[in-house]
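Let me begin by presenting the structure, written as structure tokens, before commenting on it.
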Amino acid sequence: MSAKTKVEPTFAGIYRAVEQRASKTKFLKDTATQITLNGNLDNQPFYVKIEDGNIEVAPYEYINAPFYIDADADAMTAVLNGEMTFASAVAQGLITVNGDAGQAYLFISQLF
């Protein structure tokens, strides 16, 4: 049995971890978000889109998403590694969420 691989605080590491989580998540509602990683990653975006049960994760901007997540790369890594909760990162100002609060809450609660 192999140990769970730690997510590295790189764009590729975070992107792959979100992509893997999204592929294993059964989302209750269609939505889309752009996640922009800042801190040491110079505001690199990617998006997660759920439509008719299909999940798409791509390393591009998503214009007109219902909500946006801006995250410090180290904080997002800590969330993905289970070292910090998403809510704690938001409370500390390390992650911000803007846009449709209902869709954001549902998505975040399912993915993180």
Side-chain angles (χ1 to χ4, degrees):
M1 182 183 335
S2 64
K4 185 176 178 182
T5 304
K6 283 264 204 203
V7 176
E8 295 296 321
T10 63
F11 181 82
I14 295 168
Y15 177 88
R16 277 193 305 270
V18 170
E19 185 177 42
Q20 288 173 351
R21 274 192 187 207
S23 71
K24 296 175 184 173
T25 302
K26 183 169 174 56
F27 291 94
L28 300 176
K29 183 177 182 180
D30 289 354
T31 193
T33 188
Q34 176 179 299
I35 300 173
T36 303
L37 300 171
N38 51 52
N40 64 345
L41 298 182
D42 298 326
N43 300 323
Q44 292 183 326
F46 64 94
Y47 70 83
V48 180
K49 178 180 177 183
I50 298 93
E51 186 173 35
D52 297 328
N54 297 311
I55 298 160
E56 179 181 357
V57 181
Y60 305 107
E61 290 184 26
Y62 192 93
I63 307 301
N64 297 324
F67 64 96
Y68 296 85
I69 299 170
D70 293 319
D72 174 81
D74 291 329
M76 183 62 83
T77 301
V79 168
L80 291 166
N81 284 327
E83 299 161 355
M84 176 186 292
T85 66
F86 195 94
S88 176
V90 169
Q92 294 176 47
L94 300 171
I95 295 178
T96 58
V97 181
N98 297 296
D100 185 315
Q103 285 193 46
Y105 177 79
L106 187 59
F107 175 86
I108 291 164
S109 66
Q110 292 173 310
L111 189 63
F112 299 106

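Fair warning: this is a prediction, and the values are worked out from it, not measured in the lab. Numbers here simply count residues along the sequence, with the first being 1. Hydrogens, waters and symmetry mates play no part in the numbers below; they use all other heavy atoms, side chains included.
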Mind checking the [atom1]-[atom2] spacing from [X] to [Y]? Nearest 0.5 Å is all I need.
X: Met76; Y: Phe86; atom1: CE; atom2: CZ; result: 5.5 Å
X: Thr33; Y: Leu111; atom1: OG1; atom2: CG; result: 10.0 Å
X: Leu28; Y: Ile50; atom1: CG; atom2: CD1; result: 10.5 Å

Among all residues two or more places apart in sequence or in another chain, which pass the side chain to side chain donor-acceptor pair (under 3.5 Å) test with [X]?
X: Thr36; value: Gln34
X: Tyr47; value: Glu56
X: Ser88; value: Gln92
X: Glu83; value: Lys6

Pairs meeting criterion salt bridge (charged side-chain N to carboxylate O under 4.0 Å, His left out) with involvement of residues 17-31, two or more places apart: none

Summary of salt bridge (charged side-chain N to carboxylate O under 4.0 Å, His left out) pairs that have at least one residue in residues 9-18, sequence neighbours excluded: none

Pairs where residues 26-46 contributes a residue and the test ring-ring contact (aromatic ring centres under 6.0 Å, His included) is met, not counting sequence neighbours: Phe11-Phe46, Tyr15-Phe46, Phe27-Phe107

Only distances under 3.5 Å count here; give the side-chain donor-acceptor pairs of residues 94-106 to other protein atoms, sequence neighbours excluded, each with its distance to 0.1 Å.
residue: Asp100; atom: OD1; partner: Gly102; partner atom: N; Å: 3.0
residue: Asp100; atom: OD1; partner: Gln103; partner atom: N; Å: 2.9
residue: Gln103; atom: OE1; partner: Thr31; partner atom: OG1; Å: 2.4

Show me the donor-acceptor pairs within less than 3.5 Å that the side chains of residues 62-69 make with the rest of the protein, sequence neighbours left out.
residue: Tyr68; atom: OH; partner: Tyr62; partner atom: O; Å: 3.4
residue: Tyr68; atom: OH; partner: Asn64; partner atom: N; Å: 3.0
residue: Tyr68; atom: OH; partner: Ala65; partner atom: N; Å: 3.0

Results of salt bridge (Lys or Arg N to Asp or Glu O under 4.0 Å) for Glu51 - residues two or more places apart only: Lys49

Residue pairs involving residues 71-80 (criterion side chain to side chain donor-acceptor pair (under 3.5 Å); sequence neighbours excluded): none

